[in-house]
Amino acid sequence: MPETIEFMLLDSSYEIVGKEPVIILWGITLNGERVVLLDKRFRPYFYALISPSYEAKAEYIASAIKRLSMAKSPIIESRVVDKKYFGRPRKAVRVTTMVPETVREYREAVKKIEGVEDSLEADIRFAMRYIIDKKLYPFMAYRVAVEETEHSQGFRVSKVFNIVGEPIPIADITSIELPEMRILAFDIEVYSKKGSPNPSRDPVIIISLKDSNGNEKLLEADGYNDRSAIREFVDYIRNFDPDIIVGYNSNHFDWPYLIKRARRLGIKLDVTRRVGAEPTTSVYGHVSVQGRLNVDLYDYVKEMHEIKMKTLEEVAEYLGVMKKSERVLIEWWRIPEYWDDKKKRTVLRRYALDDVRATYGLAEKLLPFAIQLSAVTGVPLDQVGAMGVGFRLEWYLIRAAYDMNELVPNRVKRYEESYKGAVVLKPLKGIHENVVVLDFSSMYPSIMIKYNVGPDTIVDDPSECEKYGGCYVAPEVGHRFRRAPPGFFKIVLENLIKLRKQVRAKMKELSPDSPEYRVYDERQKALKVLANASYGYMGWTHARWYCRRCAEAVTAWGRNLILTAIDYARKLGLKVIYGDTDSLFVAYDKEKVKKLIEFVEKELGFEIKIDKIYRRVFFTEAKKRYVGLLEDGRIDIVGFEAVRGDWCELAKEVQERVAEIVLKTGDVDKAIEYIRDVIRKLKEGEIPITKLVIWKTLTKRIEEYEHGAPHVVAAKRMRDAGYEVSPGDKIGYVIVKGRDSISNRAYPYFMVEPSRVDIEYYIDHQIVPAVMRILSYFGVTERQLKVVSAGYRSLFDFFASKA
DNA sequence: AACCAGGCTTC
DNA sequence: GACGTGCCTGGTT
């Protein structure tokens with residue numbers, strides 16, 4: 001019997017039943033039931049674009065296409081339709097068939113027919129095609145006529161329905177009470193004495209879990225046998241039945257490891273909502289757990305440029321989830337030691353628990369944004385994080401194109417063609433006091449809108465400009481864009497901005513601590529991210545709407561803009577310290593800065609605003625590297641070794657400390673003294689070898705390397721010693737004493753006696769370069785660091801004496 | 001000195 | 001599973 005249900009969409013997939021495709025929508029009804037909705041009526045299709053000169057023969061071409069029909073997947077329909085392509089009216093044939101996989105075959109055959117310029121939209125995956133065409137978005141609620149089926153059909157949900165009507169949206173995301181979702185965070189610890197863990201050898205010793213019901217659990221291996229732990233993991237998921245599973249780097253570590261480990265042990269990783277389906281690595285490198293949304297939080301952290309160190313503990317600290325000082329920390333290569341010693345196991349347990357708590361905490365911080373990103377782009381939550389920014393925008397554009405009756409261009413192979421980018425000023429080196437950082441808001445999108453930039457608005461023949469009421473001409477490069485009518489990107493961008501304004505207007509009516517406010521805030525951020533991706537997208541060779549000249553024009557206008565602003569700033573008498581792309585560092589003179597902002601807004605027609613103020617900021621001669629002291633006393637390190645993972649712990653620690661001493665106290669002597677003390681300790685063997693290990697990832701097989709970089713040589717040594725080494729493994733090495741090249745003196749850290757370590761190497765190639773990056777500016781020489789002698793007084797005195 | 005290749009998260 | 005890039009290092013020529 002037909003009935004009507006209201007549900008929130010989680011995900012879509014499809015299966016072939018008999019010979020027919022069935023769309024599967026995974027959802028939660030508004031009263032909290034997990035359901036599957038099947039649509040057996042939808043069919044895959046694509047378009048054959050007719051060459052302009054063959055438009056009169058369109059019907060004939062449609063029948064020719066129909067004759068290609070194969071029995072295994074017949075062509076159900078071949079119909080001439082009016083579409084647009086890059087803004088121009090075009091005729092196309094819409095070709096509908098039965099089996100999604102055969103679309104690819106038909107695409108090739110159709111392309112060969114005379115009068116067919118190209119096959120289009122044949123590579124849009126069937127499950128996505130359905131939600132695009134039906135205008136369905138994840139985390140939105142719909143009402144639809146359905147019929148309940150009698151059997152579960154192997155779906156682990158409370159009810160399975162056949163869709164018989166058309167889903168219609170029932171409400172805006174925040175105006176109704178959406179069902180609550182069950183969330184599970186998990187993390188695994190692996191026992192690996194020999195470099196990177198290897199699933200065919202190393203057991204999973206702890207699986208830590210935390211769920212949205214407040215349960216926390218540690219599943220432990222029985223000694224070195226992880227069979228029961230993995231089985232209990234499967235049981236936990238099946239019992240708790242999460243809608244969302246989160247982890248940290250889980251798409252690239254935890255899940256692949258568990259999948260391989262389970263296979264090795266002959267255990268079925270039966271954790272999905274589809275009987276018989278196990279988790280698999282799928283598009284965009286995400287791990288698909290059918291019926292559940294598997295989210296790797298690291299995907300979102302990666303994109304947060306303000307966070308330099310992306311380790312779980314650093315990120316948790318930065319986001320206020322968990323303080324490093326209040327949790328257990330164990331260097332991961334020491335995990336075996338904590339497992340082998342039963343007394344230390346308690347500490348390891350606590351570490352595993354802290355990790356999963358931190359992961360769950362991150363989910364609370366990051367999921368609201370991820371959910372909005374999914375809701376705005378229409379891409380299911382498990383994929384949207386794993387895909388790059390370019391793909392997210394592209395799915396948004398595909399939906400926009402569908403609404404505008406525009407055909408989606410194909411992704412085509414192109415050769416890389418680079419173009420000139422942004423302006424980066426050479427910094428004024430040294431310490432500057434009271435510096436304001438000004439940022440253009442959404443500089444590139446603003447340029448694209450203002451000058452109507454896009455692949456469909458670019459004008460090749462200058463004489464055509466008059467047809468469009470003139471053209472905007474980009475400086476330096478001379479590319480022309482019609483003034484009117486607005487193109488695809490301008491329409492999409494203006495719409496994104498309009499939507500964002502609406503969201504922000506709604507926020508003004510709400511209390512900042514209401515849940516709705518949070519939802520809107522994340523939504524406006526998602527809209528902003530998409531707008532900001534539009535320029536980079538046009539310059540991306542794999543983009544469907546690729547337009548190199550467009551990207552080139554945008555950066556040319558950008559350079560022009562910032563250079564004009566700098567010019568004006570200097571005319572005002574403002575000291576310009578540094579500038580990069582859309583940001584300007586100037587000595588903070590309130591009145592003059594106000595005038596500069598007014599000039600940019602009134603005369604240039606762009607928005608610029610104060611981003612931050614540094615009490616002190618230090619530059620070397622290098623671009624994109626600086627250390628700043630913020631007004632609240634925090635130190636901002638950008639670009640330096642201290643924030644890179646491929647330097648030894650000691651070098652990073654020392655550089656950070658030196659930066660802090662110099663900025664906070666200005667006392668170079670103190671910094672020198674500190675370094676000398678570190679060098680002394682190093683020479684006297686007081687520094688543990690673990691602080692000297694340099695970690696680098698092997699990105700390909702050892703044989704594929706042309707030159708033996710140190711980590712490659714170390715990896716080779718590991719392999720020779722019988723350890724399995726494969727791409728993706730992190731190699732930890734130290735340099736030992738000797739006359740040979742550095743590479744040839746690189747050994748896996750665990751194969752080296754501390755006495756063999758080449759202390760001189762660490763002084764000359766790690767500590768000294770790291771600190772000299774900062775101290776050479778103050779006239780400090782390498783020798784001063786290594787030799788005991790009288791130092792300077794304060795560096796402020798030092799400059800005073802120079803002046 | 002000029003150039004190239006490789007890295008930049010997770011246990 | 002990658003919008004772009006820059007910048008550094010170690011190694012080779």
Side-chain angles (χ1 to χ4, degrees), chain A residues 187-192 195-199 202 204-206 247-257 281-287 296-299 301-303 307-312 314-315 330-336 351-352 355 359 383 385-394 416 418-419 421-422 424 444 529-530 532-543 546 551 554-555 580-581 622-625 639-641 643-647 694-700 704-713 728-730 735 741-744 746 765-766 769-770 773:
Chain A
D187 182 53
I188 66 171
E189 309 303 331
V190 176
Y191 182 90
S192 162
S196 301
N198 174 350
D202 306 319
V204 174
I205 44 178
I206 302 178
Y248 197 72
N249 204 30
S250 51
N251 278 343
H252 296 100
F253 183 74
D254 305 66
W255 278 118
Y257 201 93
T281 294
S282 175
V283 280
Y284 310 111
H286 86 285
V287 172
D296 186 347
L297 299 166
Y298 175 63
D299 287 331
V301 171
K302 239 179 357 192
E303 293 162 17
I307 307 180
K308 303 301 171 196
M309 303 266 269
K310 316 280 194 185
T311 57
L312 179 57
E314 290 291 341
V315 174
I330 300 176
E331 294 104 322
W332 61 260
W333 64 89
R334 296 180 65 187
I335 286 172
Y351 167 76
D355 264 3
T359 305
Q383 293 178 46
M387 61 177 49
V389 177
F391 287 108
R392 289 176 198 163
L393 175 63
E394 193 155 79
E416 307 271 335
S418 59
Y419 57 90
V424 187
Y444 288 166
V529 164
L530 288 181
N532 285 344
S534 52
Y535 146 74
Y537 176 82
M538 290 190 308
W540 178 37
T541 42
H542 299 297
Y546 174 70
V554 171
T555 54
D580 183 350
T581 316
K623 296 170 175 185
K624 295 187 186 280
R625 300 196 146 193
F640 284 110
E641 284 76 5
V643 295
R644 296 178 58 91
D646 55 345
W647 280 68
I694 299 163
W695 294 94
K696 272 192 179 163
T697 313
L698 210 63
T699 55
K700 47 192 184 189
E704 290 174 85
Y705 283 89
E706 284 187 38
H707 313 304
H711 71 296
V712 180
V713 174
D729 285 356
K730 192 112 178 154
I735 304 297
S741 72
I742 290 166
S743 286
N744 287 332
H765 293 266
Q766 292 272 314
R773 218 76 75 196

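Naming convention: chains lettered A, B, ... in sequence-line order (proteins, then strands); numbering from 1 in each chain. Bear in mind that the values here come from a model prediction, so they are computed numbers and not experimental data.
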Worksheet item: Do any N or O atoms from the side chain of Asp254(A) and from the backbone of Ile188(A) form a donor-acceptor pair under 3.5 angstrom?
Response: yes

Item to complete: Check the distance between dT10(B)'s C1' and Asp355(A)'s CG and give it to me in whole angstrom.
Response: 10 Å

Item to complete: Tell whether Tyr248(A) reaches the base of dT10(B) with its side chain through a donor-acceptor pair below 3.5 angstrom.
Response: no

Practice prompt. Rounded off to whole Å, could you give me the CD1-to-C1' distance for the Ile205(A) and dC11(B) pair?
Written response: 9 Å

Fill in: Among dG4(C), dT10(B), dC8(C), the nucleotide that comes nearest once only the side chain of Arg773(A) is considered
dC8(C)

Fill in: Protein-nucleotide distance (Arg392(A), atom CZ; dG1(C), atom C1'), rounded to Å
12 Å

Worksheet item: Going by heavy atoms in the side chains, are Thr555(A) and Tyr535(A) under 4.5 Å from each other?
Response: yes

Discussion item. Test your reading of the model: is there a side-chain donor-acceptor pair from Asp296(A) to the backbone of Asn251(A), 3.5 Å cut-off?
Written reply: yes

Worksheet item: Taking the side chain of His252(A) as heavy atoms from C-beta outward, which of dC11(B), dT9(B), dG1(C) is closest to it?
Response: dG1(C)

Practice prompt. Among dC11(B), dG11(C), dT10(B), find the nucleotide with the atom closest to the side chain of Tyr351(A).
Written response: dC11(B)

Fill in: Separation of dG6(B) C1' from Lys696(A) NZ (nearest whole Å)
7 Å

Item to complete: For Glu314(A) and dC8(B), give me the distance from atom CD to atom P, rounded to whole Å.
Response: 17 Å

Discussion item. Would you measure the distance from the P atom in dC3(C) across to the matching atom in dA5(B) and give it in whole Å?
Written reply: 23 Å

Worksheet item: Phe391(A) side chain: which of dG10(C), dG1(C), dC11(B) is closest?
Response: dG1(C)

Discussion item. Please report the distance, rounded to the nearest Å, between CG in Asp202(A) and P in dT10(B).
Written reply: 19 Å

Discussion item. Please tell me if His765(A) has a side-chain N or O lying less than 4.0 Å from either OP1 or OP2 of dG10(C).
Written reply: yes

Discussion item. Given dT10(B), dC11(B), dG10(C), identify the nucleotide with an atom nearest to the side chain of Ser743(A).
Written reply: dG10(C)

Worksheet entry | Among dG7(B), dG4(C), dT10(B), the nucleotide that comes nearest once only the side chain of His711(A) is considered | dG7(B)

Worksheet item: What is the nucleic acid contact for Leu393(A), judged by heavy atoms within less than 4.0 Å: base, sugar-phosphate only, or nothing?
Response: nothing

Worksheet item: Given the rule in the side-chain contact (heavy atoms from CB on, under 4.5 Å) test, do Asp299(A) and His286(A) qualify, once you have shown the distances and angles that lead to the verdict?
Response: CA-CA 10 Å; Asp299(A) 287 331; His286(A) 86 285; over 6 Å; no

Item to complete: Tell me which nucleotide among dC8(C), dG11(C), dT9(B) gets nearest to the side chain of Pro710(A).
Response: dG11(C)

Fill in: Atom-to-atom span, CH2 of Trp255(A) to C1' of dC11(B) - whole angstrom
17 Å

Worksheet item: Between Asn249(A) (CG) and dT10(B) (C1'), how many Å, whole number?
Response: 3 Å

Item to complete: State, with a plain yes or no, whether a side-chain heavy atom of Thr581(A) is found less than 4.5 Å away from one of Tyr444(A).
Response: yes

